[in-house]
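This report refers to the structure that appears directly beneath it.
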Amino acid sequence: MEIPKTYDPQITEDKWYAYWQKHKFFKSTPDKREPYTIVIPPPNVTGVLHMGHMLNNTIQDVLIRMKRMQGYNACWVPGTDHASIATEAKVVALLKEKGIKKLDLTREEFLKYAWEWKDKYGGIILKQLEKLGASCDWDRTRFTMEKDLSEAVIDVFIDLHKKGQIYRGVRMVNWDPQGLTAVSDEEVIHKEVNSKLYYVKYRIENSLPIEYITIATTRPETILGDTAVCVHPDDDRYKHLKGARVIIPIINRSVPIIFDDYIDIEFGTGALKVTPAHDVNDYNLGVKHNLEVIDTIASDGKMSAAAQFYVGEDRFAVRKKIVKDLDEMGLIVKIEDIKNKVGYSERTDAVIEPKLSMQWFLKMDSISNPALENVLNGKIKLIPEKFVNTYKHWMENVHDWCISRQLWWGQQIPAWYDNKGNTVVCKTKPEAFNQLRIKNAELRIEDVRQDEDVLDTWFSSWLWPISVFDGFKNPDGADINYYYPTNDLVTAPEILFFWVARMIIAGYEYRGKKPFTNVYLTGIVRDKQGRKMSKSLGNSPDPIELIEKYGADGVRVGMLLCSPAGNDLPFDESYCEQGRNFSNKVWNAFRLLKGFEVIDAPQSNTNKISVAWFDAKFNEQLNIINDCYHKYRMSEALMNTYKLVWDDFCAWYLEMIKPEFIDGQAQPIDRITFDATIIFFERLLKVMHPWMPFITEEIWHLIKDREDKECIIIASWPILDKNYRWDQTRVFEECKDIITTIRSIRQQKQISPKTKLKLFKRSAPGGNHFDDIIIKLANLESLESTEEPIAGAVSFVRKTESSFGEFFIPLEQNINLEEEKARLTKELDYSKGFLKSVEIKLSNEKFVANAKPELIANEKKKQADAEAKIKAIEEQLMSLI
RNA sequence: GGGAGCUUAGCUCAGCUGGUUCAGAGCAUCUGCCUUACAAGCAGAGGGUCACUGGUUCGAACCCAGUAGCUCCCACCA
């Protein structure tokens with residue numbers, strides 16, 4: 001059978017994925033083995049796979065696959081997040097296209113549409129994860145708004161309310177006028193924008209002649225809500241205005257001038273207009289000075305009836321209009337360009353409006369203590385560690401969490417009201433009725449109303465590591481006891497506070513234990529210009545298309561080659577190309593092996609040495625790779641695997657054992673060497689498997705007939721031989737050096753690689769362990785020892801096993817003496833320089849006194865080495881003359 | 001405004017307790033090769049004042065101080 005020259009991922013990927021599924025290799029149930037558990041950061045149901053998911057989930061899959069091979073009961077729990085704002089926005093938009101307005105629907109009708117939408121599109125992203133090879137236990141797929149998980153959310157709300165951690169109150173919240181809901185502080189993104197600072201004159205009441213005070217504001221549209229003007233008590237410009245009042249223009253309201261040291265005298269005119277309804281600071285001032293609150297902006301961002309003017313017009317339109325009107329009245333003193341920060345909604349990108357409203361909050365102070373403590377004491381590790389600082393800072397300054405959202409898609413808050421202003425928190429309406437009736441005897445059940453709001457999505461996802469194992473429904477169940485705490489969490493640093501911190505809080509609150517041990521924080525995938533990949537910029541490649549083009553293995557390798565934990569990843573398709581090329585390299589190594597003719601024959605010395613060397617090399621590298629995994633240095637683990645396969649195995653080992661051609665006829669290989677090589681290759685496939693699951697599985701089956709269930713995905717990770725012959729690998733480096741030097745000389749002298757050369761070696765006796773390899777790989781006719789230098793030959797000095805050897809290659813043509821001399825002299829100078837630096841060090845009394853003895857011994861060895869090398873080169877130079 | 005981090009080859013990054021001439025890797029580049037596993041390849045080569053300035057030390061890419069530039073996080077200055 002002809003094996004194609006290039007590897008074709010298309011024909012293998014779906015095949016093996018289905019095969020793994022069929023044999024339930026991803027499935028996990030509690031057993032005697034040690035569990036290794038990851039819960040997926042649930043992607044939004046609205047989501048489609050983007051590069052961030054690709055990166056994130058590939059890392060999780062690598063970890064899961066490796067641990068599975070290492071004998072752990074590996075369990076990767078998948079699922080999706082209901083993403084209340086994002087999903088609701090999507091459904092609203094879809095209904096709008098159909099000509100249906102959300103406001104015309106009842107809650108039940110709307111939710112029916114939303115669920116229909118979810119059932120239709122909610123699973124797309126999970127299907128896409130299959131394409132990249134994600135070995136999730138799909139039978140465990142959960143959804144944050146499914147029945148059990150929702151119930152857990154409601155129970156937690158009731159429980160925390162009972163504990164006094166949840167309260168309801170009127171507060172200044174971040175209002176999203178587009179999503180028509182409050183959002184938490186964490187969902188507001190502050191962006192620096194170019195704004196204008198308007199200087200507006202307010203007339204002092206009853207002043208004669210007419211006196212004005214000039215205030216500076218970036219938001220003139222809120223003037224109608226002003227209820228005071230505030231200045232600093234020490235500001236000499238305004239001291240005479242104690243007790244005075246000013247007239248708010250347009251609306252002609254009389255308001256007091258108040259004095260407060262909150263004011264920055266330097267900013268603007270040192271006079272601040274105070275609008276308690278639309279600014280947090282102003283609100284606080286209002287509370288302090290007992291000011292009236294006039295809410296002039298409605299929830300949709302348009303002027304409310306309370307504004308009296310511009311009613312129903314949008315806040316930004318009004319800004320322009322009011323400036324024009326004020327200007328016509330001669331009240332605009334000047335307009336300055338400034339930069340300031342404006343809050344935007346994370347979900348809808350609308351400008352956030354600070355707004356007073358009644359919301360539910362979770363007190364964060366005491367509940368978050370264990371979450372801070374256990375990250376600081378290292379029981380939970382953040383990788384990379386630098387995020388601990390950020391985490392600490394946030395946890396120490398954490399604000400109460402606004403958990404109510406004015407939406408329908410989500411868990412409805414289990415708070416109930418009667419018609420007399422009583423509130424109870426409990427699970428069901430009948431329960432609520434009974435409780436409310438204690439306070440309100442005439443209450444009828446029809447008058448019991450449930451809170452209209454739903455809970456913040458994060459208020460359900462913070463329970464994820466517990467709820468996916470039914471830890472609320474069945475707190476002593478087999479699953480939760482076995483899998484919790486989970487091991488690793490892989491996620492983006494962006495949601496360290498949104499999600500990670502809160503999961504830790506919930507973990508300690510509800511299980512008394514951490515939810516996971518290691519948090520691996522990936523970077524952000526960016527484009528070449530360093531911009532974050534986003535749909536709106538259109539700079540994000542479609543991962544599925546990349547997979548089709550380069551193969552899932554290629555894309556996986558490409559992405560992970562250059563993404564150390566916590567570092568952003570400037571993505572470029574060429575990385576995928578590199579990944580694909582690697583797949584192809586592996587494929588061709590397989591083709592070579594497959595093409596060997598194997599006979600029962602004695603093993604040549606060359607092959608024997610080669611096998612011993614690679615065995616040692618493999619163990620040396622496996623040790624390093626294991627260590628990289630252990631330290632979560634994923635890219636480094638991959639790079640070492642890559643080099644082990646490409647350089648050590650393909651470029652060196654396979655060339656060492658590859659049978660020669662005689663008269664155009666490939667020679668057979670002896671069975672001992674062949675079998676050893678197959679074992680090596682299988683070990684390599686195993687080490688590659690977590691990164692490249694598909695091609696390794698394909699080759700695993702092609703290289704040998706195997707039983708149905710004998711798959712690499714469940715094969716065991718190679719066992720490290722700690723007693724490997726490390727001396728072999730070291731000495732072979734010297735051998736490589738000699739070979740490379742000869743090849744380099746060929747290049748310089750323009751001698752074809754096909755021309756066989758004679759090599760003479762002049763050195764101390766012994767030390768010819770790898771000579772046969774040198775003969776083969778440097779394409780030598782012979783390698784002989786010589787007592788005397790060979791005149792007229794190209795020569796060089798290289799380290800051999802015990803000391804330095806002088807090497808000579810006699811050539812047909814005459815050598816250029818000057819050129820050779822120059823080359824040797826250069827090397828001599830280098831060696832002399834080296835010797836000198838060592839000698840300086842050794843003659844430095846302070847060094848000898850302070851340095852560790854091993855170090856000094858090492859320096860002495862270097863000195864001796866350098867002296868030997870210099871001597872050898874000098875002798876060679878002599879022989880040239 | 002507060003905090004954290006970064007700056008090493010053209011690019012992306014290693015350099016893990018200061019000690020091999022330590023200045024590394026992959027990619028890219030250049031040169032020579034279509035050599036019966038692979039041109040998605042093979043062989044070889046060239047790239048760097050380790051941001052800058054001082055200090056500590058026998059010894060600094062690494063420790064300390066300052067300077068410059070970049071990034072991120074947090075924060076209610078109109």
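Here is how names work: the chains are called A, B, and so on, in the same order as the sequence lines, proteins then strands, and each is numbered from 1. Computed from heavy atoms alone, side chains included, the values below leave out hydrogens, waters and symmetry copies.
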Does [N] have a Watson-Crick or wobble mate here (both distances under 3.5 Å), and if so which one?
{"N": "rA75(B)", "answer": "none"}
{"N": "rC62(B)", "answer": "none"}
{"N": "rG26(B)", "answer": "rC11(B)"}
{"N": "rG46(B)", "answer": "none"}
{"N": "rU67(B)", "answer": "rA51(B)"}
{"N": "rG18(B)", "answer": "none"}
{"N": "rC34(B)", "answer": "none"}

Classify [X] by what it touches in the nucleic acid, base, sugar-phosphate, or nothing, heavy-atom distance under 4.0 Å.
{"X": "G523(A)", "result": "nothing"}
{"X": "K658(A)", "result": "base"}
{"X": "N584(A)", "result": "base"}
{"X": "N284(A)", "result": "nothing"}
{"X": "E385(A)", "result": "nothing"}
{"X": "A651(A)", "result": "sugar-phosphate"}
{"X": "C230(A)", "result": "nothing"}
{"X": "P753(A)", "result": "nothing"}
{"X": "R580(A)", "result": "base"}

Is there a side-chain contact between S184(A) and N174(A) (heavy atoms, below 4.5 Å)?
->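 In short, these two side chains do not touch, never coming nearer than 4.5 Å.
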
Is the side chain of S831(A) donor-acceptor paired with the backbone N or O of E827(A) at a distance under 3.5 Å, no angle test?
-> yes

For N588(A) and N584(A), indicate whether the former's side chain and the latter's backbone hold a donor-acceptor pair under 3.5 Å.
-> yes

Where does the angle between the aromatic ring planes of Y653(A) and F649(A) fall among parallel (under 30°), tilted (30 to 60°) and perpendicular (over 60°)?
-> parallel

Counting only side-chain nitrogens and oxygens, does [X] get under 4.0 Å of the OP1 or OP2 atom of [N]?
{"X": "Y575(A)", "N": "rC11(B)", "answer": "no"}
{"X": "N581(A)", "N": "rG41(B)", "answer": "yes"}
{"X": "T740(A)", "N": "rG44(B)", "answer": "yes"}
{"X": "W394(A)", "N": "rG2(B)", "answer": "no"}
{"X": "K841(A)", "N": "rU20(B)", "answer": "no"}
{"X": "R633(A)", "N": "rG15(B)", "answer": "yes"}
{"X": "K585(A)", "N": "rC42(B)", "answer": "yes"}
{"X": "K341(A)", "N": "rA78(B)", "answer": "no"}

Decide, for rG47(B), between syn and anti: a glycosidic angle within 90° of 0 counts as syn, anything else as anti.
->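 Chi for rG47(B) falls in the syn range.
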
Mind running side-chain contact (heavy atoms from CB on, under 4.5 Å) on Y238(A) and T269(A) for me, showing each step along the way?
-> CA-CA 10 Å; Y238(A) 305 119; T269(A) 59; 3.8 Å; yes

Given R556(A), M692(A), M688(A), the one that forms side chain to side chain contact (heavy atoms under 4.5 Å, CB included) with S583(A) |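 Filter result, single survivor: M692(A).
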
Taking N and O atoms by type only, does the side chain of E859(A) place a donor or acceptor under 3.5 Å from a partner on the base of rU20(B)?
->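 Side chain to base: no pair below 3.5 Å.
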
